[in-house]
Number of protein chains: 2
Amino acid sequence: MRVVNNKGKKFRVPDATILRLPLYLDKLILLQQAGVKEVSSRQLATSLDIKASQLRHDFHYFGGFSKPGRPYQVDKLVPALEEIIGVDIPVPMIIVGAGHLGQGLANYRNFERLGFPLRGIFDVDPKLVGLEIRGVPIRPLSEMPGFVKEHGIKVGVLTVPVNVAQDVANQMIAAGVVGVWNFTPTDIRTPPQVIVRNERLAVGLMCLSFKTKRIGQNDELRQD
Amino acid sequence: MRVVNNKGKKFRVPDATILRLPLYLDKLILLQQAGVKEVSSRQLATSLDIKASQLRHDFHYFGGFSKPGRPYQVDKLVPALEEIIGVDIPVPMIIVGAGHLGQGLANYRNFERLGFPLRGIFDVDPKLVGLEIRGVPIRPLSEMPGFVKEHGIKVGVLTVPVNVAQDVANQMIAAGVVGVWNFTPTDIRTPPQVIVRNERLAVGLMCLSFKTKRIGQNDELRQD
DNA sequence: CCGTTCTTGTTAGGTCTTTGACAGGACCAA
DNA sequence: TTGGTCCTGTCAAAGACCTAACAAGAACGG
């Protein structure tokens, strides 16, 4: 992934850095809300459990956000990162599939706070259609394509049953969605210009299990 | 993280490999259920969008699971990976915080299939206590420590409000939990022998946004 | 029996990522 | 002013990770 930094130079931003940018932003918004005005790379890095030099290195890809001797100003850093990540202008999204997971995500307030207002929820189940979650009504799936076109929705959350995942994704993409956040435990195939992010919840659990299993077992083997 | 492989040699298994093991297992279980008996590194790797050599390299840390010339046998590979990851023996877990996200996770059937049966759900809200989710009753939070001790629970899912996250986590750990799957948007501090995995849902969304933002903008910059 | 075509295990080399080190700016106190 | 302390941007070296390449085993057909 390439970007142009604020000095007009072109850089290839490593994936590892991209993955950390949201962490920085998330933490900085918390600081901002707490009234903190300035933060040093060391403070921010320590709170995220990474090295300060890595944080500065990451920022360096974008030309840096301060100057030598001056710590970062939270009120400048937040909008700068928001712009880089692409949440400076709110990114409206929809949730397709209003099962328990879909409803759970619809109730998650954090998304809105970080620039992803929920605009619509869709499901085929007539018993769910008409219900409201935090003011957003659940609409019939058949209305989804029209809704996406009309509101210019670019990001869709996929929480439908596995067996219809690919079909529903196709409909979303045909209607104009370019980013799919896939919670179904299957791979979905898409045209190359569409980004899919698979959120395999069970993977997180298994990583946890791998590590906890080795605790208390044989101390000689524990080392990470 | 170090392990001993099946040839008696000690290896340091890279984090990157550990992160992929659950993906392998997940895919293999799907194949197994579909009745597939054999699978080659190329087939498996392609379906996961990685290189075959990487997959073999990963397996190599554990001594390999076949021999030159013979593809992997699904029925042998699945239990072998289960044992390595630590889900050969089911890992019972609890969910603490029965809000919408907690309920959504409690309804997610996949966990059980992968070796993580849900044994208990806890919340302070009297309106929730007594409800059942898939046969598992929601119990008062005050009963959690006793329940953890009695049932030997090692893994807990944390889906409580942010402001009580640290306090509830402390209670879980004091009762014997050694793996915390943290869904709250805050860091929780724990003793070193406890593993915490932070599941920052918003981070996934922001990564998606970072990439979709650059699509269709300036094609010269798109390259990853 | 031999050649072809599939495999895996193994390793060396290249690539990506992290880290430590340092130059130089800013601020403060004496 | 001077010295001390904090800070960032920058880069080179070290470390972690991935990949291409290949030896060698297995299966099959002729």
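So you know, we letter chains A, B, ... as the sequences are listed, proteins then strands, and number each from 1.
Aromatic ring centres of Trp181(B) and Phe111(B): separated by under 6.0 Å. Aromatic ring centroids of Phe65(B) and Tyr72(B) lie 6.0 Å or more apart.
The separation between His57(B) atom NE2 and dT11(C) atom P is 10 Å, rounded to whole Å. Between Phe62(B) atom CZ and dG9(C) atom P the separation is 13 Å, expressed in whole Å. Between Phe59(B) atom CZ and dC18(D) atom C1' there is a gap of 16 Å when expressed in whole angstrom units. A straight line from CZ of Phe65(B) to P of dT8(C) spans 13 Å, rounded to a whole angstrom. Summarising the geometry, the separation between CG on Asp58(B) and P on dT8(C) is reported as 14 Å, rounded to the nearest angstrom.
Place Ser66(B) and Leu55(A) on DNA chain C by their nearest nucleotides, and Ser66(B) ends up nearer the 5' end.
Looking at heavy atoms from C-beta onward, Glu82(A) lies in side-chain contact with Ile29(A) at the 4.5 angstrom threshold.
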For residues 86-105 of chain B, tabulate all N or O donor-acceptor pairs below 3.5 Å that involve a side-chain atom, not counting sequence neighbours.
from	atom 1	to	atom 2	distance (Å)
Gln103(B)	NE2	Ala98(B)	O	3.1

Show which side-chain atoms of residues 30-39 of chain B pair as donor or acceptor with protein atoms under 3.5 Å away, not counting sequence neighbours.
from	atom 1	to	atom 2	distance (Å)
Gln32(B)	NE2	Asp75(B)	OD1	3.0
Lys37(B)	NZ	Asp75(B)	OD2	3.3
Glu38(B)	OE2	Arg70(B)	NH2	2.4

Set out, line by line, the N/O atom pairs under 3.5 Å between protein and nucleotides 28-30 of chain D.
none

What are the atom names and distances for every N/O pair under 3.5 Å that joins the protein to nucleotides 15-17 of chain D?
none

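Looking at residues two or more places apart in sequence or on another chain, you find a side-chain contact (heavy atoms from CB on, under 4.5 Å) between Ile50(A) and Arg20(A), Tyr24(A), Ala45(A), Leu48(A), Gln54(A), Leu55(A). Taking Ser53(A) as the reference, Lys51(A), Arg56(A) meet the side-chain contact (heavy atoms from CB on, under 4.5 Å) condition, with sequence neighbours excluded. Here Asp26(A) pairs with nothing under the side-chain hydrogen bond (donor to acceptor under 3.5 Å, both in side chains) rule; sequence neighbours left out. Taking the side-chain hydrogen bond (donor to acceptor under 3.5 Å, both in side chains) definition, one finds that Thr190(A) meets it with nothing, sequence neighbours left out. Every side-chain hydrogen bond (donor to acceptor under 3.5 Å, both in side chains) that Gln166(B) has, sequence neighbours left out, goes to Asn170(B). For Gln73(B), there are no side-chain hydrogen bond (donor to acceptor under 3.5 Å, both in side chains) partners at least two apart in sequence or on another chain.
Counting heavy atoms of neighbouring residues, nucleotides and ligands inside a 6.0 Å radius, atom CG of Asp49(B) does not exceed 12 of them.
Of all non-hydrogen atoms in Leu114(B) and Met206(A), the two that sit nearest each other are CD1-CE, 3.9 Å.
Of the residues in residues 24-52 of chain B, those placing a heavy atom less than 4.0 Å from an atom of DNA chain D are Lys51(B), in numerical order.
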Quick tally for nucleotides 21-30 of chain C: nucleotides whose base has a protein heavy atom under 4.0 Å get B, sugar-phosphate-only ones S, the rest -, giving B--BBSS---
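Set against dG9(C), dA12(C), dG9(D), the side chain of Tyr72(A) has dG9(D) as its closest nucleotide.
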